[in-house]
Structure formats: C-alpha cells, structure tokens
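Everything below concerns the one structure shown next.
All ligand and atom numbering here is 1-based and tracks the order in the structure. Atom set for the values below is all heavy atoms of this structure, side chains included, hydrogens, waters and symmetry mates excluded. Predicted model only: the values in this text are computed from it and were never measured.
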Amino acid sequence: MKMSMRMASLLATVSFGVLVAGQAWSAESLQDVMKRRGLTEKDVLAASKTYTPTGKRDEFIAFSSGGQSGQVIIYGIPSMRILKYVAVFTPEPWQGYGFDDESKRVLKEGSMVDGREITFGDTHHPAISETNGEYDGQFLFINDKNTPRIAVIDLKDFETKQIVRNPILKSEHGGTFVSPNTDYIIEAAQYAAPLEDNFVPLEQFNEKYRGAVTYWKFNRAKGRVEPENSFSIELPPYSQDLSDFGKGPSDGFSFTNSFCAERYVGGIERGRPPFEAGCSAKDTDFLHVVNWKKAEELFKAGKTKKINGHAVIDMATAAKEGVLVLIPEPKSPHGVDVTPDGKQIVVAGKLDTHASVYSFEKIQAAIKAGKFSGKDEYGIPIIAMADALAKQVEIGLGPLHTQFDSKPCVAYTSVYVDSQVAKWDYCEGKILDKMSVHYNIGHLMAMEGDSTKPAGKYVVALNKLAIDRFNPVGPLHPQNHQLIDASNDKMQLLYDMPLPLGEPHYAVAIAADKLKPHIRYPHGTDSRTEEKHPAAVRAGSEHTDTKPGKVEVFGTVIRSHITPEIIEVTEGDEVSIHLTNLERAQDETHGFAVSKHNVNLSLEPGKTASATFKANKAGVYPYYCTEFCSALHLEMQGYLLVKPANYKSTGVKAKEGVSYSKADYDARVKGNIDTQAVIDSVVGYITSVNFKDFPQAVALVEDATDQLGFAKAAKEKSEEFAKKQDWHNAALWAEQWFQYQVKTADIGLRAKTYLEQNGAKKVQ
Ligand code: CUK
Ligand code: CUA
C-alpha cells in the first residue's frame with residue numbers, strides 16, 4: 001500500500017544491527033594482528049595507553065588554538081579524538097556562526113575595522129578561567145595576533161559570547177593569560193606601532209612607536225569583559241612577546257618578555273640587513289615586570305591618559321610609580337612561565353641554550369632596595385640580571401616554552417632546534433630526561449600544566465611540521481600533536497595526531513570532569529546573549545507578521561517538520577525568520593538552510609536563532625533541515641516563494657499528487673494499531689527494569705513520551721476528518737500519527753538497547 005512502511009520490519013532491522021555488532025569479534029589473536037600490521041610490543045603498549053573503547057570517554061579535554069583558522073580546536077586526551085572546532089573570529093557554517101543574526105552580532109564586535117570586514121583571525125593562546133590559580137572550567141579566552149582582539153567562550157555551551165577589539169594595539173601576541181582569579185586577562189603587544197591610529201614614519205620608531213600591555217577586566221558573574229574597566233600600560237617599542245601572571249607570592253605581578261629590544265628597523269629593499277639580523281644582534285632583551293595591582297590603583301585614581309577612548313598609563317608614570325621594571329634576559333627569548341608555587345619565572349630564549357630561572361624574591365628585594373643597574377632610554381629602571389637570576393640550566397638548542405608537572409620542581413620545556421622535550425628539575429637545576437619528538441616543537445602542553453595545581457600524566461608536543469608523518473595530502477601539511485606518557489620517570493611517545501586547521505600555537509588541557517556543559521537550552525534561548533529570545537514561540541503559536549517591505553516569521557522546528565512549511569514574500573522584502581527548536585532530547589539539533597540565500601542556522605534543542613536577508617530576486621527557493629535528525633529528515637523541508645512585485649494570482653487550484661480513500665485510511669489505522677502493540681512491548685520492557693536509575697534512559701523515555709503525545713494529537717485529527725468522511729485528510733493525518741509512532745519506537749529502542757547494555761535489572 002502506498003503509505004505503508006511496516007513497523008515490524010523496521011524493528012527487525014534495528015535489532016538485527018545490534019546483534020551483528022555484538023558478534024563482530026573475529027577469531028584473530030593479538031599476536032596475529034601484531035604480525036599482520038607489523039606492530040611491536042612497544043607499539044601495542046602505546047596503543048593500549050591511548051585506545052579508548054567505544055562508549056568510553058577521555059580523562060582530559062584539550063583546547064588548542066586553531067591558528068590561521070581563527071577558531072579553537074577541542075580534543076580528548078589520551079584518545080586524541082577531535083571533538084569540536086569552536087568558531088571564534090571567523091565564520092563557521094556548521095555552528096551557524098556568522099550565518100545567524102545572533103552570532104553575526106558577536107562576530108561584528110571584532111570584525112569591522114575602518115569599514116573593512118575582517119574574516120580572518122590568527123589565534124595563539126587559549127586560557128581557561130581560574131579560581132585561586134586552578135582551572136575552574138567556566139570560560140575560555142583566546143587572542144588574535146593579527147587584528148588585536150580577544151574572545152570570551154562560555155564553557156556552558158562552548159560558544160563565543162563576546163569579542164573585544166584592542167583599541168590601541170596594531171599587533172599583539174602575549175595573550176590570553178588570566179590572573180589567578182580571572183579578574184584580568186592580559187593582552188600584550190608584539191610589533192610596535194603608534195598607539196594612536198595615525199601615520200608615523202618609521203624614522204621615528206624610537207620616539208613614536210610603542211608597545212603596550214592591556215589588562216582586560218573580566219566580570220565573571222556576567223561572563224563578559226568590561227572594556228570601560230580595562231586599562232593598558234604603555235611600553236617601549238621592544239616587540240613584547242609572551243606573558244604570564246604571577247600567582248601565590250607573585251600574585252599582583254605579571255611578566256612579559258620581548259625580543260628585538262635592539263629596536264632595529266629593517267628594510268632589505270633599502271640595502272639594510274633584514275629584521276632577523278638586526279633584531280638578534282644584542283645578547284639580551286628585556287623581561288618586563290609589571291606590578292598590575294599598583295597599576296590598577298593608578299587606573300582607578302584616574303592617573304591615565306585616554307588614547308582612542310581607552311585608559312593608558314604612560315611609561316613615565318609607570319616608571320615613577322614603580323609599576324614597571326625591566327630585567328635583561330638572554331637572547332631573543334620566547335616563553336615566560338611562572339612556576340606553580342609562584343616563586344620563580346622560567347624564561348627560555350630561542351638563541352640561547354639555557355632556561356633562565358628568575359627568583360621573584362630576588363626581584364622583590366632589588367625593587368625594595370632600589371637596587372637598579374640603570375635605566376633604559378625611556379627612563380624605566382633596570383634590575384641587573386645577576387640580581388634577579390636564581391639559576392640557568394642548559395636545556396638544548398632553542399628552548400621555547402615551559403610547563404609543569406604534578407611532581408614538585410618538575411618542568412617540561414620544548415626545544416625547537418633539537419626537536420626535543422626536556423624534562424628537568426628547576427629546583428636542583430638538572431636535566432631528568434630528554435625525548436626526541438618530530439620536527440619542530442613549538443609549545444608543549446602538560447595537563448593543567450600552567451596552573452597552581454598541575455595534573456601530570458601526559459604531555460603533548462605541538463610540532464610545527466608533519467613532513468613525512470602522515471599520508472601525503474598535497475604540499476600543505478597538517479601539524480602534528482604528539483602525545484607523550486609522562487607518568488613515569490622516562491617519557492614515552494604514544495601517538496601522532498594530525499591537526500588540519502591552521503597552526504595551533506598553544507593549547508591548554510583540563511580534567512574532563514571539571515567541565516559541565518548544558519545538554520539543552522531552556523526553551524527559546526538566544527545562546528549568544530544567554531537570555532530568552534524575544535522571537536521565541538511555542539508549538540501552536542507560530543505566526544507570520546507582514547508589513548510593507550518586511551516579513552517576519554516566528555516558527556518552530558521539531559522532528560521532522562519546520563513550521564511554517566511555506567513562506568510567501570514579495571520581491572524586495574526584508575525577510576526575518578526566527579526559529580525555535582522545540583526538542584528537549586539530547587543531540588536533536590536541526591539545521592535550517594535556504595537555497596541561494598547564504599542562510600544556515602544551527603538550532604540545538606531549546607535554541608532560538610534568526611536569519612535576516614533581502615529577498616531581492618523573485619523565484620522559488622526550497623529550504624530544509626541540514627542535520628540528519630530522523631528517518632524523515634529529508635522530508636523536513638519547505639518553500640520560500642518570492643513573488644514578483646506586481647504578481648497577480650491566477651486562481652489555479654492545486655491538484656494533489658495522490659488522493660486517498662476510506663480503504664487507505666482503514667489500512668493505515670490497522671497498521672498503526674499493530675505498531676502501537678510493538679511500542680507497548682518496548683514500553684513494557686523499559687518499565688519492567690530499573691530505568692529510573694539511568695538518567696540517560698530517563699531522558700530518552702521523556703522524549704519518547706513527548707513523541708507519543710504528538711502521535712495522540714495526530715490520531716485525534718485523523719479521527720475528526722474520518723467523522724466528516726474526509727478520507728483523504730483522515731488518511732494523511734493517520735500517516736502523521738504513524739510518523740510519530742516511528743519516532744517513539746526509534747527512541748524507545750535506543751532506551752531499551754542502552755538499558756540492556758548497561759545492566760538494567762528487573763524490578764518487581
Ligand atoms: S607562540 Cu607559536 S610557538 Cu604564538 Cu606562543 Cu611560541
Ligand atoms: Cu531536522 Cu533534519
């Protein structure tokens with residue numbers, strides 16, 4: 001019969017699939033597989049340390065910069081499975097980012113620059129929010145080196161909520177790092193430039209070009225940066241580089257190092273040696289030590305000047321008030337990392353073989369005693385290296401970045417030129433172990449390894465090149481993140497993971513159980529403002545407002561239809577479509593795309609999102625759901641009809657493709673009654689076991705109950721039409737009733753399988 005799809009056969013298919021999966025073990029032994037795949041015992045041991053069986057989860061979650069993609073990459077450790085790319089500075093269609101009105105607003109906060117739209121970002125350093133110096137898993141921040149700005153990502157839903165553009169920098173690098181209670185987020189300059197937005201000839205580099213470090217005030221309750229409560233400190237044009245906040249005894253201070261303190265200005269085309277020569281000529285650059293608590297007092301006391309509307313403490317004030325001192329550091333340094341106890345600061349220089357360990361106590365003593373070796377050209381006091389240094393440890397060629405282990409005094413430093421990870425003791429000043437990684441390591445990441453309580457266990461080497469490591473995919477290669485087991489004295493290399501999304505400079509990893517993201521939004525949430533969306537509607541209250549030149553649709557989506565299914569507008573109208581996902585079920589996201597109009601929404605359960613566009617060309621434009629959400633996903637469709645401005649209806653009546661008789665109706669109803677028997681048997685099983693002890697199953701049962709409710713409503717409609725002997729509509733509604741039954745059965749079976757696999761027990 002025309003409309004039928006037998007429930008029994010559907011059920012048979014589903015349960016057959018489960019059976020086959022259960023029997024899929026082959027007779028091959030481990031030895032057979034090792035032989036067939038050429039694996040050594042060491043390989044198998046490494047595999048057993050990363051392999052994560054189906055259904056099992058990771059112990060740590062890593063947030064990696066997505067480099068030139070302007071995004072953030074999330075993956076699990078030790079499985080190294082990529083879980084998500086979070087859209088931050090660049091449009092990303094899957095998440096609807098830059099395609100729905102709500103996220104466009106966020107993206108535009110940082111993308112409109114002097115009338116140009118920036119659709120590229122260069123993310124470098126992600127930072128997880130901290131409480132008392134420990135990762136708390138609430139927020140993630142990340143910077144853009146190219147168009148200086150930072151973003152706030154809320155880890156309740158892993159969405160970007162805010163982008164703030166730096167009002168004075170033209171280039172930055174040393175962000176984002178957070179103070180121990182996340183009251184400030186640091187963003188430091190890279191390539192010096194005038195802080196105002198004007199032209200200044202390079203000849204005035206020393207006099208007019210400047211660096212700066214910005215302290216962005218973060219309001220944790222609101223989950224937003226407050227630009228009006230943020231300030232910067234003007235710095236000399238020394239090419240500031242990485243930064244870190246003090247903690248424990250050094251809380252209240254921050255550290256920013258630099259390269260090219262030579263202030264060399266290149267100009268190959270003018271016959272001068274290039275930047276790289278002039279910027280590395282001297283033996284030392286400067287570590288900037290900032291007393292930011294004092295700077296905050298100056299800011300609050302109004303001892304600032306305004307540049308582009310932003311409060312800046314100038315260098316003279318900073319020097320006079322003891323906010324800023326400099327310490328020489330050897331040579332073209334890169335990473336600056338404060339030890340977990342906050343007592344020491346590790347600096348590693350690209351062109352020096354040592355890690356230099358500075359003592360915060362010594363720095364403080366020198367500042368208190370006024371013991372300075374002199375001042376730089378800008379009047380900033382300099383502490384002699386010898387008066388601040390605790391020790392220097394020979395690490396290898398090109399040490400870059402340092403992270404810390406859960407064991408006291410143990411640090412890991414990436415060694416760029418040697419392509420090694422060095423494990424060393426910064427208290428004793430000795431190397432403990434060295435391991436070669438692939439070419440060439442930039443940052444490395446230990447678990448919670450820059451917090452006050454590192455978690456140990458794993459280190460990941462973030463290698464810049466993949467070269468021959470993976471199957472070739474053309475001249476542009478992915479990067480290679482290598483997982484290292486760091487739980488024993490000797491490090492062991494476990495796994496190579498290609499990362500194909502820009503250059504991930506830095507990454508941070510947090511214990512997975514600290515993250516508690518939402519499963520769904522409260523009904524009708526604007527996820528970007530986290531408030532009730534003004535255009536949210538419930539089932540049955542969908543409507544369309546038409547005004548001259550403007551059509552506004554207030555609709556809903558749920559398995560497997562979009563309400564409305566037909567949207568009629570006139571050429572030239574501005575069209576706004578607001579859609580609310582009515583689903584409560586986990587992972588029942590619907591998409592919404594309109595042919596040729598650059599619209600794609602991602603509607604997670606409970607979310608409301610909008611698309612506004614100009615219907616500038618008459619025509620017929622199908623729209624549909626872009627997520628394969630159910631068996632009838634392809635039928636989750638509709639038409640946007642854009643009529644010409646002067647269109648007159650021809651009065652043509654539609655002819656149905658097929659018309660249904662009483663016999664069709666009766667057959668459909670009989671089928672539905674059989675289907676109900678199957679559903680009842682699944683329900684019988686579920687209620688016969690302790691399903692209430694399984695939150696996952698409870699959620700599925702709730703969803704199934706919802707669907708069964710819809711089935712009941714459709715059944716009543718079909719019966720109304722049957723009473724009027726309108727067999728055509730009665731049969732169609734009977735079919736809709738059946739569709740809801742299919743959804744109920746699908747979810748019920750998922751619950752049944754889950755309960756069987758998780759050891760549900762019979763209840764009396
Ligand atoms: S940077 Cu790329 S390796 Cu931007 Cu932190 Cu050091
Ligand atoms: Cu909703 Cu496909």
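Interface of H401 with ligand 1, defined as ligand atoms under 4.0 Å from a residue heavy atom, comprises 3 (S), 5 (Cu), 6 (Cu). For ligand 1, the atoms closer than 4.0 angstrom to any heavy atom of H125 are 1 (S), 4 (Cu), 5 (Cu). Under a 4.0 Å criterion applied to the non-hydrogen atoms of H173, ligand 1 contributes the atoms 1 (S), 4 (Cu), 5 (Cu).
The closest side-chain donor-acceptor pair between Q190 and D241 falls under 3.5 angstrom. For the residue pair Y215 / S254, a side-chain donor-acceptor distance below 3.5 Å is found, with atom types taken as modelled.
Regarding atom 2 (Cu) of ligand 1, its nearest protein heavy-atom neighbour is H505 ND1, 2.2 Å. With hydrogens left out, the protein atom closest to atom 3 (S) of ligand 1 is K464 NZ, 3.4 Å, a heavy atom.
Between S630 and S560, the closest side-chain pair of non-hydrogen atoms falls below 4.5 Å.
The proximity of L242 to ligand 1, defined as any non-hydrogen pair under 4.0 Å, is limited to the side chain. With a heavy-atom cut-off of 4.0 Å, K145 does not touch ligand 1 at all.
Note that K350 lies in the cation-pi zone of F259, set by a 6.0 Å cut-off to the ring centre and a 45° limit from the axis.
For atom 6 (Cu) of ligand 1, the nearest non-hydrogen atom from the set H443, H334, K350, H124 belongs to H334.
For OH of Y621, the number of neighbouring non-hydrogen atoms (other residues, nucleotides, ligands) closer than 6.0 Å is greater than 12.
Aromatic rings from H124 and Y506 are positioned such that their centres are separated by 6.0 Å or more.
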